[in-house]
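In what follows, every heavy atom counts, from backbone to side chain, and hydrogens, waters and symmetry copies are set aside.
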Amino acid sequence: MNKQRVRVAKAKSEGPGLDIPSFCAWDGDDLVLNILGSPGSTRDAIGKSKGKQLKISVTAAAVAGKATDHMVRFLAGEFGVPVTHITVVFGRYNVNKQLRIKDPARLPSIVAKALAVE
């Protein structure tokens, strides 16, 4: 797997991120996701929603942001976008994080269902 560093940048608006009513919401062409990360898992997987967060499990250990980098690479494949289209808005070194995905090509079923309800 490509070990490239993940781009970490502030969201379009300064501050702690976008306040969204669910774990996901559209902001123009960008999809914003609130994530509850679970590093050191036995497999990479998109789990269930837990309140206003979506549980994402990754095999990488939580060391110096490596689990977040691995999560971004995993989610890039799931959403059909290059890694450079995913921005970590906040939470790079924390299990609570917000990601912004620029123009996703596909949506995992749990995300599609949540967006259909909006």
Side-chain angles (χ1 to χ4, degrees):
M1 185 178 289
N2 187 359
K3 296 286 183 180
Q4 65 183 340
R5 294 296 288 178
V6 174
R7 179 174 64 117
V8 178
K10 285 283 184 187
K12 290 179 182 174
S13 60
E14 291 298 318
L18 189 64
D19 185 24
I20 56 179
S22 174
F23 67 84
C24 62
W26 289 109
D27 184 23
D29 289 337
D30 294 350
L31 178 64
V32 179
L33 290 174
N34 287 332
I35 303 291
L36 174 61
S38 181
S41 298
T42 56
R43 64 186 180 97
D44 297 335
I46 297 175
K48 296 181 179 183
S49 64
K50 190 167 186 166
K52 288 187 173 186
Q53 293 179 302
L54 178 62
K55 186 172 181 185
I56 306 289
S57 302
V58 293
T59 56
V63 178
K66 290 182 180 179
T68 300
D69 291 350
H70 184 85
M71 179 184 295
V72 168
R73 287 190 299 272
F74 166 66
L75 291 176
E78 294 295 305
F79 285 90
V81 298
V83 170
T84 56
H85 283 208
I86 300 180
T87 303
V88 178
V89 179
F90 65 80
R92 178 166 169 72
Y93 302 108
N94 193 308
V95 295
N96 302 302
K97 54 188 90 251
Q98 188 173 87
L99 303 179
R100 182 175 287 271
I101 303 172
K102 181 181 176 186
D103 198 23
R106 62 181 173 265
L107 300 174
S109 62
I110 190 166
V111 176
K113 288 176 187 174
L115 291 170
V117 172
E118 288 185 351

Do [X] and [Y] have side chains that get closer than 4.5 Å, going by heavy atoms?
X: K97; Y: V89; result: no
X: S57; Y: K55; result: yes
X: Q98; Y: V32; result: yes
X: R100; Y: L18; result: yes
X: L99; Y: T87; result: no

State the [atom1]-[atom2] distance between [X] and [Y], to the nearest 0.5 angstrom.
X: I46; Y: L54; atom1: CD1; atom2: CG; value: 6.5 Å
X: W26; Y: L31; atom1: CH2; atom2: CG; value: 5.0 Å
X: D29; Y: I101; atom1: CG; atom2: CD1; value: 13.0 Å

Practice problem: For Q53, check side-chain hydrogen bond (donor to acceptor under 3.5 Å, both in side chains) against everything at least two apart and list the hits. | Solution: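 Only N96 meet the side-chain hydrogen bond (donor to acceptor under 3.5 Å, both in side chains) criterion with Q53.
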
For [Y], does its backbone N or O pair with a side-chain atom of [X] as donor and acceptor, under 3.5 Å?
X: K102; Y: H85; result: no
X: D44; Y: M71; result: no
X: R106; Y: G77; result: yes

Exercise. Count the heavy atoms belonging to other residues, nucleotides or ligands that lie under 6.0 Å from CG of D103, then report whether that count exceeds 12.
Key: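 Counting other residues, nucleotides and ligands, CG of D103 exceeds 12 neighbours.
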
Nearest atoms (heavy-atom pairs only) where [X] meets [Y]:
X: S22; Y: N34; answer: O-ND2, 3.8 Å
X: P39; Y: A62; answer: CG-CB, 3.7 Å
X: V72; Y: I86; answer: O-CD1, 3.6 Å
X: H70; Y: A60; answer: CB-CB, 3.6 Å

Practice problem: Please name the residue in the list V83, T68, V58 that meets the side-chain contact (heavy atoms from CB on, under 4.5 Å) test with R73. | Solution: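 The side-chain contact (heavy atoms from CB on, under 4.5 Å) with R73 is passed solely by V83 among V83, T68, V58.
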
Quiz item: Going hydrophobic residue to hydrophobic residue with side-chain gaps under 4.5 angstrom, can you get from I110 over to L33?
Solution: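 Same cluster.
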
Exercise. Applying side chain to side chain contact (heavy atoms under 4.5 Å, CB included), name anything that partners S49, two or more places apart in sequence or on another chain.
Key: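 Counting only residues at least two positions away or on another chain, S49 forms a side chain to side chain contact (heavy atoms under 4.5 Å, CB included) with F23.
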
